[in-house]
Amino acid sequence: MAIHAIVLADENDQVANRIEEHYPLFYPVNEKVFLVRTGEISEQVAFKVGIKGDDRIDDALGVVFKLNGAYSGHASRSIWEWLDSGEER
């Protein structure tokens, strides 16, 4: 399974609700960035969470990135544990 980052331009509760509905074991980095683990392509994720397609949430602006498995930086322990676990939270 790949990790996808959902990055919103602005906080959006409707998108957050759809993320939780479709990817209940997501990782919320903050109110505008979420990580999900799925075998889907980025476009499918964007459709499901409401930032693309006919079912798009009107004021939802964002992008979905498929992460390549390489990451680095300084972050909370919980995000590293989630990334390293290979499992959904």
Side-chain angles (χ1 to χ4, degrees):
M1 294 214 168
I3 296 173
H4 295 267
I6 302 164
V7 181
L8 302 177
D10 297 299
E11 185 177 348
N12 188 302
D13 291 338
Q14 289 178 294
V15 173
N17 290 339
R18 285 197 189 178
I19 292 169
E20 188 170 7
E21 174 187 339
H22 292 287
Y23 309 100
L25 302 174
F26 69 97
Y27 185 91
V29 177
N30 59 40
E31 297 83 16
K32 298 190 286 187
V33 179
F34 305 85
L35 301 178
V36 299
R37 208 177 251 109
T38 181
E40 299 167 323
I41 63 172
S42 296
E43 185 175 41
Q44 290 170 308
V45 176
F47 276 104
K48 280 188 174 180
V49 302
I51 58 175
K52 184 173 181 167
D54 294 336
D55 198 24
R56 182 177 163 267
I57 297 167
D58 289 336
D59 59 345
L61 298 174
V63 63
V64 177
F65 296 98
K66 179 180 178 183
L67 304 182
N68 67 6
Y71 37 81
S72 180
H74 185 81
S76 68
R77 174 176 282 200
S78 63
I79 194 170
W80 296 115
E81 290 172 348
W82 188 88
L83 288 166
D84 290 338
S85 73
E87 300 174 3
E88 296 180 354
R89 190 173 77 118

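Only heavy atoms go into these numbers, but all of them, side chains included; no hydrogens, no water, no symmetry mates.
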Problem set entry | Test item: Trp80 and Tyr71 side chains (from C-beta on) under 4.5 Å apart, heavy atoms | yes

Problem set entry | Side chain to side chain, Arg37 and Leu25, heavy atoms closer than 4.5 Å | no

For this session: Using the salt bridge (charged side-chain N to carboxylate O under 4.0 Å, His left out) rule, collect all pairs that involve residues 38-52, keeping only residues at least two apart or in two chains.
Result: Glu40-Lys48, Glu43-Lys52

Please tabulate, one pair per line, all N/O donor-acceptor pairs under 3.5 Å involving side-chain atoms of residues 57-67, not counting sequence neighbours.
from: Asp59; atom 1: OD1; to: Asn12; atom 2: ND2; distance (Å): 3.2

For this session: Over all heavy atoms of both residues, which pair between Ala75 and Ile79 is shortest? Give the atoms and the distance, please.
Result: CB-CG2, 3.3 Å

For this session: For residues Val45 and Tyr23, determine if any side-chain heavy atom of one lies less than 4.5 Å from a side-chain heavy atom of the other.
Result: yes

Problem set entry | Any pair counted as salt bridge (charged side-chain N to carboxylate O under 4.0 Å, His left out), so long as it reaches residues 11-36, sequence neighbours left out | Arg18-Asp55

Exercise. Are Phe34 and Phe47 grouped together when hydrophobic residues (ILVMFWY) are joined by side-chain heavy atoms under 4.5 angstrom apart?
Worked result: no

Seminar exercise, completed: Distance col, row His22:NE2 vs Gln44:CD, nearest 0.5 angstrom, shows 12.0 Å

Exercise. Looking at Ser42 and His4, what are the two nearest heavy atoms and their distance?
Worked result: OG-ND1, 3.2 Å

Exercise. So how far is it from Phe26 CZ to Ile19 CD1, rounded to the nearest 0.5 Å?
Worked result: 7.0 Å

Exercise. Rounded to the nearest 0.5 Å, how far apart are CG of Leu83 and CD1 of Ile3?
Worked result: 5.0 Å

